[in-house]
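Encoded as structure tokens, the structure appears first; notes follow it.
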Amino acid sequence: MNRKAFLIDITECVGCGACYEACKEQNHLPQTSDDPLRDFLSDKTYTIVEQRGDYFVRRMCQHCEEPTCVSVCPVGAFTKTEIGAVLYDESKCLGCRYCMQACPFQIPRYEWGSLTPRVQKCIMCFDRVKEGNLPACAEACPTGATLFGDRNEMIEIARQRIAENPDKYYQHIYGLEEVGGTSVLYLSPVPFEELGFNTKLLKTALPNFTHDALSKIPSLVSVGGVLLTGFYWLTNRKNEIAKEKFEQQKNQRGN
């Protein structure tokens, strides 16, 4: 299957929140705000719509082509799939939260209020896309502000729109080259920094720096691996104890 991507055209977004609602429904997430424009990314909200002056901007996981979260995770809890989605396996996670610190877009969120916390974020509706369907947000968008398809095709559509309407669009596709490229591309009528985007990111994929650094400290990595294995066991044991206590308290309340 070809690598997929979103193309989000800010000039077409009306701020209706249909993408926000569809994401909530698809992922069985609770309502956290009566107004989608006032919500924020969290472990219960994977995409939001921000109002920036006269424009509306969607925020979500960028699904980087070479994800930093994948490269820094010591236990392989994150993976980049063939279709482009960056997925997370909670059964492997040890709770170090390196992914949150490393993400250049500050996307992953942690379930701080849970006894068995996980990292949460958009997964590109992986099961839907794998079956040949659109992600819920793209399917729900009434204006075509969110498109989804083969990444190369989305790039060509973006380039064509800029070429045909140079006065309508700022001459840049955000996500095409930032940190090595992402699977979420943006078109904007104004410079991206005016809409809150980080425009100072390198074009080089950040995992390249991770690999260079690790190659210089093999002994430290070996020791770190042993320590992280221990932390992983302790974290799982702590979660098991928490579950047992929770079940005991629930049973006591039931009696």
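Scanning for side chain to side chain contact (heavy atoms under 4.5 Å, CB included) contacts around Glu164 gives Gln160, with sequence neighbours left out. With sequence neighbours left out, Pro142 forms a side chain to side chain contact (heavy atoms under 4.5 Å, CB included) with Cys16, Ala18. With sequence neighbours left out, Tyr110 forms a ring pair (Phe, Tyr, Trp, His ring centres under 6.0 Å) with Trp112. Checked against side chain to side chain contact (heavy atoms under 4.5 Å, CB included), Glu50 has the following partners two or more places apart in sequence or in another chain: Ile48, Arg52, Arg59. For Phe197, the ring pair (Phe, Tyr, Trp, His ring centres under 6.0 Å) criterion is met by Tyr174, Tyr186, Phe192, not counting sequence neighbours. In this view, Lys44 satisfies the salt bridge (Lys or Arg N to Asp or Glu O under 4.0 Å) rule with no residue, not counting sequence neighbours. Arg58 pairs by the salt bridge (Lys or Arg N to Asp or Glu O under 4.0 Å) definition with nothing, not counting sequence neighbours. Considering only residues two or more places apart in sequence or on other chains, Tyr55 meets the side chain to side chain contact (heavy atoms under 4.5 Å, CB included) condition with Ile10, Pro189, Val190, Leu195.
Put simply, the side chain of Thr146 does not reach to within 4.5 Å of the side chain of Glu12, judged on heavy atoms. Taking the side chain as every heavy atom from C-beta outward, Phe105 and Cys64 approach each other to under 4.5 Å. The closest side-chain heavy-atom distance from Leu185 to Ile155 is below 4.5 Å. Side chains of Cys103 and Pro108 form a contact here, defined as non-hydrogen atoms less than 4.5 Å apart. Within the 4.5 Å cutoff, no side-chain heavy atoms of Pro67 are placed close to those of Phe78.
The side chain to side chain donor-acceptor pair (under 3.5 Å) pairs that include a residue from residues 194-203 are Glu177-Lys203, where partners are two or more places apart or lie in different chains. Residue pairs that meet the side chain to side chain donor-acceptor pair (under 3.5 Å) test with at least one member in residues 13-29, sequence neighbours left out, are Tyr20-Asp39, Glu21-Gln31, Lys24-Thr32, Lys24-Thr45, Gln26-Arg128. Legend: ring-ring contact (aromatic ring centres under 6.0 Å, His included) pairs involving residues 120-157, not counting sequence neighbours, sorted by first then second residue: Phe6-Phe148. Judged as a salt bridge (Lys or Arg N to Asp or Glu O under 4.0 Å), the pairs with a partner in residues 97-112 (not counting sequence neighbours) are, in order, Glu111-Arg118.
Atom SG of Cys13 sits about 13.0 Å away from atom CG of Leu187, to the nearest 0.5 Å. The CD1 atom of Ile8 sits 6.5 Å away from the OG1 atom of Thr47 when rounded to the nearest 0.5 Å. The CD1 atom of Ile173 sits 12.5 Å away from atom OG of Ser188, with the distance rounded to the nearest 0.5 Å. Note that CG of Asn152 and CG of Asp150 are 7.0 Å apart. Values are rounded to the nearest 0.5 Å. Within the model, atoms CG of Asn2 and CD of Glu153 stand 10.0 Å from one another, a figure rounded to the nearest 0.5 Å. Atoms SG and CG, from Cys141 and Leu147 in turn, are 7.5 Å apart once rounded to the nearest 0.5 Å.
Remark: the backbone N or O of Ala85 is not paired with any side-chain donor or acceptor of Lys80 at under 3.5 angstrom. Asp9 places a side-chain N or O within 3.5 Å of a backbone atom of Thr11 that can act as its donor or acceptor partner. A donor-acceptor pair is defined here as one N or O able to donate and one able to accept, closer than 3.5 Å; no such pair exists between the side chain of Gln62 and the backbone of Thr182. Proximity of a side-chain donor or acceptor of Arg3 to a complementary backbone N or O of Glu82 within less than 3.5 Å is detected. Looking only at distances, a side-chain donor or acceptor of Gln171 sits under 3.5 Å from a matching main-chain atom of Tyr169.
When each of Arg151, Lys121, Lys4 is paired with His63, the side-chain contact (heavy atoms from CB on, under 4.5 Å) condition holds for Lys121 and for no other.
Smallest separation of non-hydrogen atoms from Met154 and Ala5: CG-O, 3.5 Å. The two residues Ala140 and Ala22 have their closest heavy-atom pair at CB-CB, 3.6 Å. Val86 approaches Cys69 most closely through the heavy-atom pair CG1-SG, 3.8 Å. Between Leu94 and Cys96, the shortest heavy-atom distance links the atoms CD1-CB, 3.2 Å.
In summary, the side chains of Ser183 and Glu65 do present a donor paired with an acceptor at a separation below 3.5 Å, with no hydrogens or angles considered.
Hydrophobic clustering keeps Ile107 apart from Val119 (ILVMFWY residues linked when any side-chain heavy atoms are closer than 4.5 Å, directly or through intermediates).
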### Task
Take Asp89 and Ser91 through the side chain to side chain donor-acceptor pair (under 3.5 Å) test and state the conclusion after the steps.
CA-CA 5 Å; Asp89 184 348; Ser91 69; 2.6 Å; yes
